[in-house]
There are 2 protein chains.
Amino acid sequence: MNKIEEKCIAKGVRLTDQRKVIAEVMSASNNHPDVDELHKKINKIDKKISIATVYRTVKLLEESGIIERHDFKEGKSRYEPSTDEHHDHLIDINSGDIIEFVDKDVEDLKNKIAQKLGYKLVDHKLELYGSKIKK
Amino acid sequence: MNKIEEKCIAKGVRLTDQRKVIAEVMSASNNHPDVDELHKKINKIDKKISIATVYRTVKLLEESGIIERHDFKEGKSRYEPSTDEHHDHLIDINSGDIIEFVDKDVEDLKNKIAQKLGYKLVDHKLELYGSKIKK
DNA sequence: ATAATTGCAAATGCTTTGCTTGTGA
DNA sequence: TCACAAGCAAAGCATTTGCAATTAT
């Protein structure tokens, strides 16, 4: 059983056949798929799962904190399994590749800034857009 | 003449009556309006300007670097006049208020991280979402 | 003059939803 | 059993676009 299924059980999210397939594909993906990409992969396993179900499930999983949604500079959302440690993203503006990174200094700064402004930090994102430096 | 009109001339962006009104409203706004809010204010000055023109103009101005688009966690874009110095945003999750801040440490860190990952930084954004701390 | 711009309405792309049928606990 | 989930098609919302008429330079 994959991580996402486990978390569904832990959170009391009902596991249907469709959700199991979605959980499986989502767990196996490491490239922040959008709903359409997800749906295509899912349909290779079960042709009958509709895109509406993918939308509903992805929303449910996000609201349960099991996966995370990102809105990079495109018109659509991308998803990834939640991780224990917060990380940020660098998006390659040429290839579209998404690189994850963790930076403690950034995390500290975020909190410090929010506090200075009189706010409790609830969520945050740092996105870097760049082009590869040729060696 | 406002800053946006000035920049249009500097960049060779043709100034139509409609664009002058849009530039004026955009210049006067300090709260990151979305296209609909913009259109409503514009229509108080000139009822005949269509929302399609607002969309086209806002896109043109953004591509010319005269204004900036932000996609906060809503389904729509918000705009603000470009500034000389880069700044980031803290969004009040309760009121929707947007607070701008400049933090040199953050700017330095962004560059350092991109460089470490082998990228030249082209664009970047840090968004903090928080709730006001009661005093 | 003429290439660019506008307004309108229709089209788009992503996402959500109403409704009926199916199903997991 | 029965509240919840799925499939389908239709609707929703922000944004873009084709086209004919208008306008800035």
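Letters A, B, ... are given to chains in the order of the sequence lines, protein chains preceding strands, and every chain is numbered from 1.
- Note on A/Y55: a side-chain N or O is less than 4.0 Å away from OP1 or OP2 of C/dT15.
- Remark: side-chain polar atoms of B/T53 are not paired, donor with acceptor, to backbone N or O of B/I49 under 3.5 angstrom.
- Looking at residues two or more places apart in sequence or on another chain, you find no salt bridge (Lys or Arg N to Asp or Glu O under 4.0 Å) involving A/E63.
- In this structure, B/D36 and A/T53 both approach DNA chain D, and ranking their closest nucleotides by distance from the 5' end singles out A/T53.
- Closest to the side chain of A/R19, from the set C/dT16, C/dC8, D/dA5, is D/dA5.
- The shortest distance between the side-chain N/O atoms of B/K59 and the OP1/OP2 oxygens of D/dT16 is below 4.0 Å.
- For NZ of B/K120, the number of neighbouring non-hydrogen atoms (other residues, nucleotides, ligands) closer than 6.0 Å is 12 at most.
- Of the candidates C/dT15, D/dT15, C/dG7, C/dG7 carries the atom nearest the B/S50 side chain, counting heavy atoms from C-beta on.
- Comparing A/T57 and B/D34, the nucleotide of DNA chain D nearest to each residue sits closer to the 5' end for A/T57.
- Taking atom CG on B/N43 and atom C1' on C/dT6, their separation rounds to 14 Å, with Å as the unit.
- Rounded to a whole Å, the CD1 atom of A/I51 is 13 Å from the C1' atom of D/dC8.
- For CD of A/Q115, the number of neighbouring non-hydrogen atoms (other residues, nucleotides, ligands) closer than 6.0 Å is 12 at most.
- Note: CD (B/E63) to C1' (C/dA4) measures 15 Å, nearest angstrom.
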Detail all sub-3.5 Å separations between protein N/O atoms and N/O atoms belonging to nucleotides 19-25 of chain C.
from, atom 1, to, atom 2, distance (Å)
C/dA25, OP1, A/L15, N, 3.4

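- B/I22 has its CD1 atom 8 Å from the P atom of C/dG7, to the nearest Å.
- Taking atom CG of residue B/D71 and atom P of nucleotide D/dT15, one finds them 8 Å apart after rounding to whole Å.
- Rounded to whole Å, atom P of C/dT15 lies 12 Å from atom CD of A/E62.
- For A/R78, the salt bridge (Lys or Arg N to Asp or Glu O under 4.0 Å) criterion is met by A/D34, A/E37, A/E74, not counting sequence neighbours.
- Summary of helix geometry: the two end axes of the helix from C/dA1-D/dT25 to C/dA25-D/dT1, each defined by five base pairs via their C1' atoms, are inclined to each other by 40° (rounded to 10°).
- The phosphate of D/dT15 (OP1 or OP2) has a side-chain N or O of B/S77 nearer than 4.0 angstrom.
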Which pairs of donor and acceptor atoms, one on a side chain in residues 85-94 of chain B, lie under 3.5 Å apart (sequence neighbours left out)?
from, atom 1, to, atom 2, distance (Å)
B/H86, NE2, B/D88, OD1, 3.1
B/H86, NE2, B/K110, NZ, 3.4
B/H86, NE2, B/H124, NE2, 3.4
B/H87, ND1, B/T83, OG1, 3.3
B/H87, NE2, B/E80, OE1, 3.2
B/H87, NE2, B/E80, OE2, 3.0
B/H87, NE2, B/H89, NE2, 3.4
B/D88, OD1, B/K110, NZ, 3.2
B/D88, OD1, B/L126, N, 3.1
B/D88, OD2, B/K110, NZ, 3.2
B/H89, NE2, B/H32, NE2, 3.2
B/H89, NE2, B/E80, OE2, 3.1
B/D92, OD1, B/N94, N, 2.8
B/D92, OD1, B/S95, N, 3.0
B/D92, OD2, A/Y119, OH, 2.7
B/D92, OD2, B/S95, OG, 3.4

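- Checked against salt bridge (Lys or Arg N to Asp or Glu O under 4.0 Å), B/D36 has the following partners two or more places apart in sequence or in another chain: B/K40.
- With rounding to whole Å, B/I49 atom CD1 is found 9 Å from C/dT6 atom P.
- With B/I22 as the partner, the side-chain contact (heavy atoms from CB on, under 4.5 Å) test is satisfied by one option alone out of B/I67, B/T16, B/T57: B/T57.
- In this structure, of D/dA6, D/dT15, C/dT15, it is C/dT15 that holds the atom nearest to the side chain of A/K76.
- Separating the CZ atom of A/R78 from the P atom of C/dT15 is a distance of 10 Å, rounded to the nearest angstrom.
- Of the possible polar contacts, none joining the A/S27 side chain to the A/N2 backbone as a donor-acceptor pair under 3.5 Å is found.
- Side-chain contact between B/I66 and B/P81: absent, with no pair of heavy atoms (C-beta onward) separated by less than 4.5 Å.
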